[in-house]
Protein chains: 2
Amino acid sequence: MNTASESSAQGTRTRDRILSTAARLFSQKGYEHTPLSHVAREAQVSKALILWHFDSKEDLFRAALGRTLEPYYIDVGDLSSLDEGVQITRLIDLYVKFVRDNGYSVRFIVDLIVRQSGPDEVMSQVNELYSLFRDMLAQAIERGRATGRFRADVDPQLDAALLLSTLDGMLMERFIGDEKSPINPEQQIEHLKQTVLGRLLG
Amino acid sequence: MNTASESSAQGTRTRDRILSTAARLFSQKGYEHTPLSHVAREAQVSKALILWHFDSKEDLFRAALGRTLEPYYIDVGDLSSLDEGVQITRLIDLYVKFVRDNGYSVRFIVDLIVRQSGPDEVMSQVNELYSLFRDMLAQAIERGRATGRFRADVDPQLDAALLLSTLDGMLMERFIGDEKSPINPEQQIEHLKQTVLGRLLG
DNA sequence: GTCTATATACAGATAGAC
DNA sequence: GTCTATCTGTATATAGAC
């Protein structure tokens with residue numbers, strides 16, 4: 001927040017434009033490859049104005065990241081009425097949809113994770129979302145075991161972690177863009193569902 | 001020419017030192033965060049000398065990447081005499097060992113993949129290794145099916161791809177460094193092996 | 001082959017007018 | 001709030017002596 005007076009309706013709009021422009025460019029080309037001059041040009045303001053609104057480039061980066069992460073929540077809806085096996089496949093579909101909907105910014109976040117260059121608060125936010133999803137998987141498995149629909153020897157924690165790893169791996173492989181692979185993603189997701197259910201239902 | 005050949009021997013050693021230094025620094029801190037001045041200091045030469053040996057920083061980068069990838073091969077040894085189930089677990093162990101042995105450079109390569117900023121020849125080399133490994137998995141599964149040790153309805157291609165995805169996901173999660181996870185990596189690998197064999201053996 | 005010195009470019013950031 | 005003009009640092013790359 002700047003210390004200017006309240007008569008800054010125009011400034012707020014401009015600030016907002018800078019922010020969304022920065023969020024887009026950082027996501028597309030990364031922090032290093034996005035000079036302020038580029039943000040300035042796209043947002044149609046001067047570099048100096050950006051640095052009036054934000055103390056530094058890094059400050060802008062943090063603010064823009066917050067915006068990038070805004071849509072990062074998962075709306076699971078109400079799963080409790082569903083058969084546990086369906087709950088699992090529903091959660092898998094949500095993961096896939098999430099990755100598809102947030103396309104380029106997911107790549108950006110993954111990049112930050114790999115390079116361990118993200119601000120701590122962002123990383124913990126991602127971590128939060130991550131373990132939240134794993135817990136939902138674990139709970140669904142636990143319920144399935146409790147109701148007797150799943151095998152008695154499933155391990156909610158381990159099986160949830162295993163499934164999540166597989167989903168993460170499939171996400172990664174989207175980045176590789178392996179043309180040699182004879183298998184398309186949809187087919188692979190389908191096979192994952194069947195395999196997981198095969199394991200859980202025994 | 002006498003002087004030239006003496007100098008040449010010296011120069012080769014120096015060039016080599018520049019190359020290995022660059023490979024190390026690029027892997028550790030990335031291309032952007034490794035100025036030539038840093039490479040020069042660590043290799044104990046001048047910046048100018050680096051640019052005498054290599055046409056540009058990017059040229060140095062490509063050459064250094066080649067060196068980074070040198071140990072990127074997988075020595076599978078002779079698997080054919082082993083039980084197919086053991087072959088699978090052996091391949092899993094090789095993957096894990098590979099990632100552990102090549103630690104920081106794997107992170108670097110993954111970074112290049114995610115940002116799609118690697119030179120084409122490097123990316124295709126990685127892709128080559130990748131599909132090679134997947135094919136080995138698929139072949140082991142195929143043999144297991146042929147000998148009747150594995151279920152008749154396993155799908156070598158799909159199951160190999162699924163397993164590889166899981167391994168990739170586990171690799172990714174090493175980067176996240178999730179402290180909240182109640183599960184350690186070894187435990188998870190062990191669980192993966194059991195689950196995969198459970199699936200294949202039926 | 002290797003160096004010092006320098007050219008050139010462009011990044012982030014500041015000063016001050018309006 | 002927003003601009004133009006400028007400062008300052010640092011990057012890659014070149015020139016030329018040895």
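Excluded from the calculations below are hydrogen atoms, water molecules and symmetry mates; all remaining heavy atoms, backbone and side chain alike, are included. These figures come from a predicted structure and were not determined experimentally. Reminder, nothing fancy here: chain letters follow the sequence lines and each chain counts from 1.
Between B/Y72 and B/I109, the shortest heavy-atom contact is OH-CG1, 3.7 Å. In terms of heavy-atom proximity, A/V106 sits nearest to A/F98 at CG2-CE2, 4.4 Å.
Taking 4.0 angstrom as the limit, B/H53 places a side-chain polar atom (N or O) nearer than this to OP1 or OP2 of C/dT2.
Using a cutoff of 4.0 Å between basic side-chain nitrogens and carboxylate oxygens, B/D16 and B/R67 are scored as salt-bridged.
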Q. What string of B, S and - do you get for nucleotides 3-8 of chain C, 5' to 3', when a contact is any protein heavy atom under 4.0 Å?
A. BB----

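Between B/D93 and B/K193 the shortest side-chain heavy-atom distance falls below 4.5 Å.
A/D155 pairs by the side chain to side chain contact (heavy atoms under 4.5 Å, CB included) definition with A/Q157, A/L158, A/D159, not counting sequence neighbours.
Contacts between residues 28-37 of chain A and DNA chain C, defined by a heavy-atom separation below 4.0 Å, involve A/P35, A/L36, A/S37, listed by number.
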Q: Might you work through the side chain to side chain donor-acceptor pair (under 3.5 Å) test for A/E173 and B/Y130, ending with a clear yes or no?
A: CA-CA 11 Å; A/E173 286 158 14; B/Y130 194 78; 2.6 Å; yes

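When rounded to the nearest whole Å, the span between CD1 of B/I50 and C1' of D/dA11 equals 13 Å. The interatomic distance linking B/L51 (CG) with D/dT14 (C1') rounds to 9 Å, in whole Å. As a whole-Å value, the separation of A/R41 CZ from C/dC10 P is 12 Å. Rounding to whole angstrom units, CG of residue B/L60 and P of D/dA13 are separated by 10 Å.
Aromatic rings from A/F61 and A/F54 are positioned such that their centres are separated by 6.0 Å or more.
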